[in-house]
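To start, the structure under review is shown below, and the notes come after it.
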Amino acid sequence: MVSDISHTFIMKFRPVLKRFHPDKNANDPKAADLFKEATFSYNLLSDPDKRRQYDSSGFEAVESDSQELELDLSSLGAVNTMFAALFSKLGVPIKTTVSATILEEALNGSVTIRPLPLGQFVSKRVEKQCAHFYSVTITEEEARAGFVCRVQSSDKSKFKLLYFDQEENGGLSLALQEDSTKNGKVTSAGMYFLGFPVYRLDQTMNTIAASKDPDTSFFKKLDGFQPCELTELKAGTHIFAVYGDNFFKSANYTIEVLCAAPFSEEKENLRNVETQILSKRAEISKFESEYREVLAQFTEMTSRYAHEMQTIDELLKQRNEIHASYTVVPLKRSNSSKSRSKTSLKESKEDGETREKRNTRERPRKKKWYNLHLRVDKRKAC
């Protein structure tokens with residue numbers, strides 16, 4: 001059903017988006033509304049998660065889960081891309097979608113697909129808002145053992161790992177996507193088809209919660225821990241792609257595909273850890289209500305503590321003032337006031353001496369009677 005919808009309608013949205021884009025219809029509010037509707041529909045059909053939600057619960061489920069901003073960077077100009085990158089740096093959660101051009105080319109079967117041998121890795125550089133497609137062929141035995149596809153970037157580039165369903169007409173429709181996340185010194189993304197439910201963690205929900213309240217961020221940390229749509233792959237050829245999701249530069253990446261047969265211990269460890277995470281999510285949900293109740297009591301107690309302390313200080317101050325009023329002795333100046341007066345007298349005295357010295361220097365000197373200037377005429381004899 002999803003594939004039929006995608007194949008029929010996705011190719012029609014790009015011309016519609018171009019036709020009703022606000023840059024071309026600045027003074028047409030009707031065009032702006034049509035652009036919003038077309039953008040919403042395109043985002044719905046190009047996102048596998050939203051398509052699944054729409055199929056199960058209709059538009060209400062999609063609209064309630066689509067509060068974060070989503071952008072197709074390939075359709076933005078340089079200025080808008082710059083603003084989007086700035087907001088992302090400031091911590092605003094901006095979810096990007098796969099370019100409509102890439103999806104159209106995949107649906108038309110006009111993409112270049114490189115073979116990727118099982119058990120090997122390839123390192124490449126993909127341009128922003130472009131994709132490299134890879135085909136992986138697995139046998140029945142490898143399918144039963146499990147299959148893993150991982151991508152990582154040592155320079156922390158942003159990218160998407162995509163998985164495509166193959167249509168009868170030879171085209172490809174997007175079925176799964178994983179956004180890269182920071183993991184230590186690298187960014188990485190992976191798809192794990194191990195024959196049992198494997199979970200993915202959507203950190204966008206936690207980012208939105210963190211911007212509102214740190215406590216909410218903690219309690220909602222595992223809300224994005226949801227099971228992947230596919231748990232296993234059948235024998236045959238499967239198509240993956242790496243999509244460059246940086247705002248301005250190309251993305252360096254390394255992709256590898258592995259049979260899970262040699263990793264039996266890791267499979268069991270993953271299953272156990274994710275079981276514990278699910279159990280912990282249920283515990284945290286219960287703990288949140290207890291924490292909120294105690295926090296409310298604590299806030300009330302601290303507020304009362306501050307109020308009582310202020311009240312006691314005011315009462316003691318009034319008591320001291322009443323005690324001090326029982327006296328007929330005139331108030332004496334305090335030592336501090338005496339010292340201030342002495343300092344002021346000393347300063348005034350020093351100022352007077354300074355002025356007197358200045359006046360003395362400025363007055364002309366009077367000649368003494370014995371400082372007579374005797375003029376001797378050398379021409380006359382004495």
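Small disclaimer: the values here were computed from a predicted structure and weren't measured.
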Subject >> Thr187 side chain vs Ser157 backbone, donor-acceptor pair below 3.5 Å >> reply: yes
Original post:
Are Lys220 and Asp223 close enough that some pair of their side-chain heavy atoms sits under 4.5 Å apart?
Top reply: yes
**OP:** Determine, step by step, whether Glu288 and Arg292 satisfy the salt bridge (charged side-chain N to carboxylate O under 4.0 Å, His left out) criterion, reporting the C-alpha distance in whole Å, the side-chain angles of both residues, the deciding distance to 0.1 Å, and the verdict.
**Re:** CA-CA 6 Å; Glu288 181 179 9; Arg292 297 292 184 188; 3.6 Å; yes
Original post:
Of all heavy-atom pairs between Leu222 and Arg281, which one has the smallest distance, and what is that distance?
Top reply: O-CD, 3.2 Å
**OP:** Please name the pair of heavy atoms, one in Ser135 and one in Thr237, separated by the smallest distance, quoted to 0.1 Å.
**Re:** CB-CG2, 3.9 Å
**OP:** Starting from the C-alpha separation in whole Å, work towards a yes-or-no answer on side-chain hydrogen bond (donor to acceptor under 3.5 Å, both in side chains) for Asp155 and Ser153.
**Re:** CA-CA 6 Å; Asp155 62 359; Ser153 172; 2.5 Å; yes
**OP:** Would you mind reporting whether Phe133 and Val242 have side-chain heavy atoms less than 4.5 Å apart?
**Re:** no
Original post:
So, the side chain of Ser303 versus the backbone of Thr299: is there a donor-acceptor pair under 3.5 Å, distance only?
Top reply: no
Original post:
If every non-hydrogen atom of Pro115 is compared with every non-hydrogen atom of Pro117, which pair is closest and at what distance?
Top reply: O-CD, 3.8 Å
Original post:
Given the rule in the ring pair (Phe, Tyr, Trp, His ring centres under 6.0 Å) test, do Phe164 and Phe240 qualify, once you have shown the distances and angles that lead to the verdict?
Top reply: CA-CA 6 Å; Phe164 288 85; Phe240 294 86; 9.3 Å; no
Original post:
Is the number of heavy atoms from other residues, nucleotides or ligands under 6.0 Å of Arg114 CZ greater than 12?
Top reply: yes
Original post:
Does Lys158 use its side chain to pair, donor to acceptor, with the backbone of Ala251 at less than 3.5 Å?
Top reply: no
**OP:** Using a 4.5 Å cut-off on heavy atoms from C-beta on, say whether the side chain of Ser279 contacts that of Glu283.
**Re:** yes
Original post:
Where the side chain of Glu105 meets the backbone of Ile102, is there a donor-acceptor pair that is under 3.5 Å apart?
Top reply: no
Original post:
Does Phe225 have any ring pair (Phe, Tyr, Trp, His ring centres under 6.0 Å) partners at least two apart in sequence or in another chain, and if so, which?
Top reply: Tyr199
Subject >> Crowding at CD, Glu265 (>12 non-hydrogen neighbours, <6.0 Å) >> reply: no
Subject >> pair His238-Tyr163: side-chain heavy atoms closer than 4.5 Å >> reply: yes
**OP:** Taking Asn169 for its side chain and Gly171 for its backbone only, find out whether a donor-acceptor pair lies under 3.5 Å.
**Re:** yes
Original post:
Any idea which heavy atoms bring Ala260 and Leu194 closest together, and the distance?
Top reply: CB-CD2, 3.7 Å
Original post:
Can you name the residues that form a ring pair (Phe, Tyr, Trp, His ring centres under 6.0 Å) with Tyr253, not counting sequence neighbours?
Top reply: His132
Subject >> Nearest heavy atoms of Ile138 and Lys234, plus distance in Å >> reply: CD1-O, 3.6 Å
Original post:
Is there a side-chain contact between Leu176 and Cys228 (heavy atoms, below 4.5 Å)?
Top reply: no
**OP:** Search all heavy atoms of Lys249 against all heavy atoms of Asn246 and return the closest pair with its distance.
**Re:** O-CB, 3.0 Å
Subject >> Donor-acceptor pair between Thr254 and Gln152 side chains, under 3.5 angstrom >> reply: no
**OP:** Taking only Lys NZ, Arg NE, NH1 and NH2, and the carboxylate oxygens of Asp or Glu, determine whether Glu178 and Arg200 approach each other closer than 4.0 Å.
**Re:** yes
**OP:** Please name the residue in the list Val198, Leu161, Leu162, Val148 that meets the side-chain contact (heavy atoms from CB on, under 4.5 Å) test with Met191.
**Re:** Leu161
Subject >> Glu141 CD: over 12 foreign heavy atoms closer than 6.0 Å >> reply: no
